[in-house]
Visitor: 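Below is a structure I'd like to ask you about.
Protein chains get the first letters and strands the later ones, always in sequence-line order, with residue 1 at the start of each. Quick caveat: nothing in here was measured; it's all calculated off a predicted structure.
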There are 2 protein chains.
Amino acid sequence: MKFDDKIPIYYQIKTHLYHEMLTGKLKPGEKLPAVRQLAVDLTVNVNTVQRALTEMMTEKAIISQRGKGNFVTADQAQLAKLKEQLVMAQLAQVYEQLHGLNLTDTEIIASLQRYIEKREAQPDVKSIND
Amino acid sequence: MKFDDKIPIYYQIKTHLYHEMLTGKLKPGEKLPAVRQLAVDLTVNVNTVQRALTEMMTEKAIISQRGKGNFVTADQAQLAKLKEQLVMAQLAQVYEQLHGLNLTDTEIIASLQRYIEKREAQPDVKSIND
DNA sequence: CCTAGTGTTCTATTTAACTATTACACTATA
DNA sequence: TATAGTGTAATAGTTAAATAGAACACTAGG
C-alpha cells in the first residue's frame, strides 16, 4: 500500500480499515485479518497496525478478543453513526477551507459540480474508481 | 496559531500563507512579514518558516530578495492558477474519499448541501466564519 | 563605512513515528 | 497437555520534523 508521507501511517491505516468496513468489504461482526497478516499486507510493522486498531477499539468500531482476533462491531447502528461522522468530517474540512478562501455556499457547490463534470471527462481516472 | 499534529507544521504554514494571499489579506506584490517576525507570530522556529517559504518559491507563489524580503508574486494570472489548483485539490480529496465510501455523485452533492444547511442552523460556528 | 534589517545556511539536539525483535497472554484443537 | 494461531506489550534503534542558536550574505540608509 502507498502512503501519504504528510500523514502518520497508523492514521492512514485507520482510514483504510474504516473504508473496508463502511463499504462492506468487511461485514459487521466479521473477523479482521490477523494483526501480523495485516502488517504484511500493508507492508508496515505490527506495532503500527496495533496502534491503529487500538484507536479503533476506543471508537467502538472493532472489538478485540485476545487469542481469537479482532472483529468488526456487529452493531449496525454504531457503524452507520461512524459513517455519518466520517462523511461529515470530510465535508466540514473542505467546506471550511473553501469558505476560508471567500467562496460563497453557492460557489462551493458549483465548484464541486464543476469538479465532477471535469472528472467525468477523464475516462482514465474514472475507470479506476467506478 | 493552533496546528493539527497530524500534518507537518511547515506544510500548515504554507496553507496558511496561501490563504492570506488568495483572500487578499496579502496583496499581489506585497511584502510578507520578515521570516523572524513570522516565526514569532506563528510561534514556530525560523527554520520551519523558511522551509515553508522555500517551497512556495519553487511554486512561484512568492519571490524572495535577499536583504529586502519575501514578496507575493505580482503575477495575478499565477495567483489565479494557484487558487484554482488549491480549490480543485480540496474537492478532489473529498470527492475521492466519499466516492470511495460508495456515495454516488448525486449523494455527494446532496450531503454537501445537507452539511451546509446543518451548519446554518448553528449560529455559534457560523458567526465565527462569516 | 557602519549599522540595522533582511534572507539563507549550518550544526546540534529533541521529539514522535516507525521499525525490528522478542516476549508474554490467551484460545482452540489435535 | 502440547502446539499453532491469535492479541498485547516492551525494548532498542532509525528517521524526519522541529527546535535552538549561531553565523553568513545582501540591502538600505545615516
Visitor: What is the distance from CD1 of Ile63(B) to C1' of dC26(D), rounded to the nearest Å?
Guide: 17 Å

Visitor: Scan nucleotides 24-30 of chain C against the protein and return all N/O pairs shorter than 3.5 Å with their distances rounded to 0.1 Å.
Guide:
residue: dA25(C); atom: O4'; partner: Arg66(A); partner atom: NH2; Å: 2.9
residue: dA28(C); atom: OP1; partner: Lys68(A); partner atom: NZ; Å: 3.2

Visitor: Rounded to the Å, how far apart are Gln50(B) CD and dT19(D) P?
Guide: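 After rounding, the reported distance stands at 14 Å.
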
Visitor: Tell me: CD1 of Ile62(B) to P of dT6(C), nearest whole Å?
Guide: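 Taking CD1 of Ile62(B) and P of dT6(C), I get 15 Å after rounding.
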
Visitor: So, applying side-chain contact (heavy atoms from CB on, under 4.5 Å) with Val49(A), which one of Val35(A), Leu32(A), Ile9(A) is it?
Guide: Val35(A)

Visitor: Indicate yes or no for a side-chain donor-acceptor contact from Gln37(A) to the backbone of Ala34(A) under 3.5 Å, with no hydrogens or angles considered.
Guide: no

Visitor: Between dT6(C) atom C1' and Gln37(B) atom CD, what is the distance in whole Å?
Guide: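 Between C1' of dT6(C) and CD of Gln37(B): 12 Å.
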
Visitor: Given atom CE of Met56(A) and atom C1' of dG7(D), what is their separation to the nearest angstrom?
Guide: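 Checked: the CE to C1' distance equals 16 Å.
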
Visitor: Round to a whole Å and report the spacing from CE of Met57(A) to C1' of dT8(D).
Guide: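 From Met57(A) CE to dT8(D) C1': 9 Å.
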
Visitor: If the test is side-chain contact (heavy atoms from CB on, under 4.5 Å), which one of Leu22(B), Leu53(B), Leu42(B) qualifies with Leu17(B)?
Guide: Leu53(B)

Visitor: As an exercise, state the distance from CZ of Phe3(A) to NE2 of His16(A), rounded to the nearest 0.5 Å.
Guide: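 Answer rounded to 0.5 Å: 8.0 Å.
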
Visitor: Once you round it to whole Å, what is the distance between P of dT6(C) and CG of Asn70(B)?
Guide: 11 Å

Visitor: Decide side chain to side chain contact (heavy atoms under 4.5 Å, CB included) for Lys14(B) and Arg51(B); before the verdict, give the C-alpha distance in whole Å, the side-chain angles of both, and the deciding distance to 0.1 Å.
Guide: CA-CA 9 Å; Lys14(B) 270 182 66 178; Arg51(B) 178 164 182 183; over 6 Å; no

Visitor: Can you measure from CG (Asn70(B)) to CE (Met57(B)) and round to the nearest 0.5 angstrom?
Guide: 5.0 Å

Visitor: What does the B/S/- profile of nucleotides 15-20 of chain C look like, 5' to 3', with a 4.0 Å heavy-atom cutoff to protein?
Guide: --SSBB

Visitor: Going by atom types alone, do Asn47(A) and Tyr10(A) pair a side-chain donor with an acceptor below 3.5 Å?
Guide: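 Side-chain D/A pair, Asn47(A) to Tyr10(A): absent.
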
Visitor: Using side-chain hydrogen bond (donor to acceptor under 3.5 Å, both in side chains), reason through Tyr18(A) and Glu59(A) one step at a time and then give a plain yes or no.
Guide: CA-CA 11 Å; Tyr18(A) 271 123; Glu59(A) 293 160 10; 2.5 Å; yes

Visitor: Charged N to carboxylate O under 4.0 angstrom, Glu84(B) versus Lys118(A)?
Guide: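 Salt bridge present between Glu84(B) and Lys118(A).
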
Visitor: Grab the CG-P distance between Leu53(A) and dT6(D) for me, whole Å please.
Guide: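 Spelled out: CG on Leu53(A) to P on dT6(D) is 14 Å.
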
